[in-house]
Each structure stands twice: as structure tokens, then as C-alpha cells.
Amino acid sequence: MTRSTILALALLVGACSSPPAGRLFRTSLPTDGYAPLPIVLGDETDLVTGIEAGPAGADAPGSEATARADPAGANAFIVTWMGGLCATDAAMSFIRAGSGYALHLEGHQPPLASCSMVGIGRDLRIRTSRPIPLELIAVTGNE
């Protein structure tokens, strides 16, 4: 590998692992039998008060990340997605978008990872200072 190739890979890894903008919240999601998945959420709305592992949903998550109501209260919502076994961490950004909000999820994996294609249901509770109607939250991305 040439020096320029190594430098380009280092810059790419650094860019992929930089934290999102805004006030940062951190937690880890448990993964049975494996290392927990570190999560960082950057809040640019000033509405988030905390994040933590959420209760598992009754249905298996689909391939797209979604937001669902939190059974514990109106001042929170649960983001659910199907993650992968190779994921090393994930970053989320929560921003204002028009008359609503956008929540973007980006998972990170080691370069050239070779592991089994095992899907892991992920659930993250996002606590807020006030209720946010789910129809105002557009969720994009995946792990």
C-alpha cells in the first residue's frame, strides 16, 4: 500500500467517525453475547434531554429506521432499526426540517469487514422536553 493510499484511508475513516453537530448525547445499546453498540446523537433542536436503550418493539424492525411512540410517556419516542453484527458504532443527527424534524442514522463498520449477515433489532429511546408528534419526524439512514 502506498503512502498516499494509507493517508486517503485515514482521512476517510476520520470523516466517517466524526461526531454529529449540535449538543451531543451518548449511550450504548446492549447486544446479547457481543459488545454493546456505542451511539452518539447530535441534537440541533434543543429538544432532546437524553437517550438510552429503548424497550424492544413487538414487531421485528424492518430494513428502514422508523420512529414509534414510547409506551412510557409522551415526552419521548423510540427509534427502531435493524442493525448489523459488524457495526462498531452509530451516529444520529436530529435537526429542524421545514415545519418538522429530521432524524438521520448512520452506522459505521470497519473497512473490509467480513462477518455474518446477522440482523440485530435496535431500539433507542430519545427523551424530549415536550411531546413531538411522530408524523413530524422524518427518519432516514440505517446502520
Side-chain angles (χ1 to χ4, degrees), residues 1 5-143:
M1 211 178 284
T5 302
I6 292 171
L7 180 59
L9 284 173
L11 289 172
L12 179 63
V13 169
C16 290
S17 61
S18 61
R23 185 172 171 209
L24 299 181
F25 295 86
R26 298 176 191 277
T27 194
S28 293
L29 301 182
T31 304
D32 290 341
Y34 299 95
L37 178 73
I39 302 264
V40 61
L41 179 135
D43 173 39
E44 295 184 49
T45 68
D46 291 327
L47 294 173
V48 175
T49 60
I51 64 173
E52 61 204 15
D59 299 326
S63 60
E64 299 294 321
T66 60
R68 63 181 170 87
D70 184 351
N75 282 13
F77 60 94
I78 309 293
V79 179
T80 299
W81 71 96
M82 183 64 70
L85 186 59
C86 290
T88 56
D89 64 271
M92 293 182 169
S93 297
F94 190 50
I95 64 170
R96 293 185 189 277
S99 60
Y101 303 92
L103 178 71
H104 181 71
L105 165 65
E106 185 177 310
H108 303 119
Q109 297 186 47
L112 306 173
S114 63
C115 69
S116 60
M117 298 296 291
V118 175
I120 299 170
R122 309 261 194 221
D123 296 283
L124 178 73
R125 172 182 285 127
I126 299 176
R127 289 181 276 117
T128 56
S129 58
R130 64 177 174 80
I132 301 173
L134 293 179
E135 62 271 11
L136 296 181
I137 304 171
V139 182
T140 60
N142 218 333
E143 183 181 302

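In what follows, residues are counted from 1 in the order of the sequence shown.
- A pairwise comparison of heavy atoms in Leu105 and Ala90 identifies CD1-CB, 4.0 Å as the closest pair.
- Evaluation of the ring pair (Phe, Tyr, Trp, His ring centres under 6.0 Å) rule for Phe25 yields no partner, not counting sequence neighbours.
- Between Thr66 and Thr80, some side-chain heavy-atom pair lies under the 4.5 Å cut-off.
- No side-chain heavy atom of Asp123 sits less than 4.5 Å from a side-chain heavy atom of Arg125.
- Annotation for Leu24 and Gly42: closest pair CD2-CA, 3.8 Å, computed over non-hydrogen atoms.
- Here the straight-line distance linking atom CD1 of Ile39 with atom CD of Glu52 works out to 13.0 Å at 0.5 Å rounding.
- Two residues are said to be in side-chain contact when any heavy atoms from C-beta on lie closer than 4.5 Å; Pro36 and Thr31 fail this criterion.
- Interatomic distance, Ile132 CD1 to Leu103 CG, rounded to the nearest 0.5 Å: 10.0 Å.
- With rounding to the nearest 0.5 Å, the separation of CE in Met82 from CD1 in Ile120 is 9.0 Å.
- Nearest heavy atom pair, residue Ala65 against residue Gly141, reads CB-O, 3.8 Å.
- Listed here is the closest heavy atom pair of Ser28 and Pro38: OG-CA, 3.8 Å.
- What you find for Val40 and Pro20 is that their closest heavy atoms are CG1-CD, 3.7 Å.
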Residues 44-51, side-chain donor-acceptor partners within the protein, below 3.5 Å, at least two apart:
residue : atom : partner : partner atom : Å
Thr45   : OG1  : Asp43   : OD1          : 2.4
Thr45   : OG1  : Leu47   : N            : 3.1
Thr49   : OG1  : Arg127  : O            : 3.4

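- With sequence neighbours excluded, the residues satisfying side-chain hydrogen bond (donor to acceptor under 3.5 Å, both in side chains) with Arg96 are Tyr101.
- Distance check, rounded to the nearest 0.5 Å: OG1 of Thr27 to CG of Leu37 gives 10.0 Å.
- Considering all non-hydrogen atoms of both residues, Met92 and Val79 come closest at CE-CG1, 3.9 Å.
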